[in-house]
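As the structure is a computational prediction, the values presented were derived from the model and not from experiment.
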Amino acid sequence: MTGKPIVAIDGPAAAGKGTLARRLAAELGLPYLDTGLLYRAAGRRVLDTGGDPADPTVAEAAARSLLPSDLNRNDLRGPLADAAAASVASIPAVRAALLAFQRDFAERDGAVLDGRDIGTVIFPDAVAKLFVTASLTERARRRWQELRTAGMDAEIATVETDMRQRDAKDAARTAAPLRPAADAYRLDTSDLDAEAAFRSAIAFVRGRIGPR
Ligand code: DC
């Protein structure tokens, strides 16, 4: 294919999407956007003002006033940011406010984007769609490891419980629930290391977009 390829990568938390998406983008020479950061930054903006991330009016205003520099904040990870992001992400007006940001990002040069609704809502015509999953136990283990590496104290059982609740919230919400696009390539990374996941994904994407 010619033009600006858009590669959509969706799936639940800690399935390996980010690592994979970043590497695919580097390999293909495409810009990369971690769309979870948009919801995290919007949630943080609400917390900054002492507001409730579940309040649609406040959350929409935060999403509309988001600046690219908000994505570089160093407080977008951790349980508080996780919960605030999940709350704002379930509000339709927030999702609508962040749609243009995501489309504009990929407009000029194409992109690799990872999130929950990239292949279903944001770019339903993306040339290549992947749905990346792993078992809950494995995803919780990976997230726990990340938190520890970042110097945060965490119990693996708590991480798993939080993750189960957040998965349920992402899948149950009426606004863009997490689900695979019908034409997505499904990649279960439970038993794959990052290298094996990359090889499987790049073979699929190259098959879709052809040589670049
Ligand atoms: O991928 P993440 O954990 O950084 O995402 C943070 C939250 O935002 C999570 O609750 C899922 C939600 N999200 C979303 O609803 N849609 C996206 N495209 C990306 C993230």
Which value, rounded to the nearest 0.5 Å, describes the distance between L130 atom CG and L24 atom CG? 7.0 Å

So, do Y32 and L113 sit near enough that their side-chain heavy atoms are less than 4.5 Å apart? no

Looking only at heavy atoms, the pair that brings S87 and A54 closest together is CB-N, 4.2 Å

Would you confirm whether S200, through its side chain, and A197, through its main-chain N or O, come within 3.5 Å as a donor-acceptor pair? no

Could you tell me whether D191 atom CG has more than 12 heavy atoms of other residues or ligands within 6.0 Å of it? no

Would you say that L37 contacts N72 through its side chain, given a criterion of any heavy-atom pair below 4.5 Å between the two side chains? no

Do the side chains of D70 and R44 get close enough for a salt bridge, i.e. N-O under 4.0 angstrom? no

Salt bridge flag under 4.0 Å for residues D82 and R40: yes

Identify whether the distance between the nearest side-chain nitrogen and carboxylate oxygen of D162 and R143 falls below 4.0 Å. no

Whether R23 engages the ring of F198 as a cation-pi pair (distance to the six-membered ring centre under 6.0 angstrom, angle to the ring normal within 45°) should be assessed. yes

Under a 4.5 Å cut-off applied to non-hydrogen side-chain atoms, are T133 and L187 in contact? no

Inspect the contact between R141 and E146 and indicate whether a charged nitrogen and a carboxylate oxygen are less than 4.0 angstrom apart. no

Do the non-hydrogen side-chain atoms of L20 and V132 ever get within less than 4.5 Å of each other? yes

Contacts of Y185 that satisfy ring-ring contact (aromatic ring centres under 6.0 Å, His included) - sequence neighbours left out: F204

Any side-chain heavy atom of I122 sitting closer than 4.5 Å to one from D117? yes

Hey, is D34 close enough to R77 for a salt bridge, meaning N to O under 4.0 Å? yes

Atom pair CG (L33) and CG (L38), whose distance is rounded to the nearest 0.5 Å: 5.5 Å

Rounded to the nearest 0.5 Å, what separation is found between the NZ atom of K4 and the CD1 atom of I209? 15.0 Å

Checking R73 side chain against D75 main chain: does a donor-acceptor pair fall under 3.5 Å? no

Between T189 and R142, is any side-chain donor less than 3.5 angstrom from a side-chain acceptor? yes

Interatomic distance, M163 atom CE to I156 atom CD1 [nearest 0.5 angstrom]: 10.0 Å

Does a salt bridge link R148 with D153, judged by any charged N lying under 4.0 Å from a carboxylate O? no

Would you say L30 and D109 make side-chain contact, with heavy atoms under 4.5 Å? no

Under the side chain to side chain contact (heavy atoms under 4.5 Å, CB included) test, residues paired with R199 that sit two or more places apart: E195, A196

Take atom CZ in R179; do more than 12 heavy atoms of anything else shown fall under 6.0 Å from it? no

Is any side-chain heavy atom of R206 less than 4.5 Å from a side-chain heavy atom of L28? yes

dist R166:CZ -> K169:NZ (nearest 0.5 Å) comes out at 10.0 Å

Show the nearest heavy-atom pair for residues R45 and S65, with the distance to one decimal. NH1-OG, 3.2 Å

Run the salt-bridge test on D170 and R116 with the 4.0 Å N-O cut-off and return the result as yes or no. yes

Distance check, rounded to the nearest 0.5 Å: D10 atom CG versus I118 atom CD1? 5.5 Å

Does E160 reach the side chain of L136, with side-chain heavy atoms less than 4.5 Å apart? yes

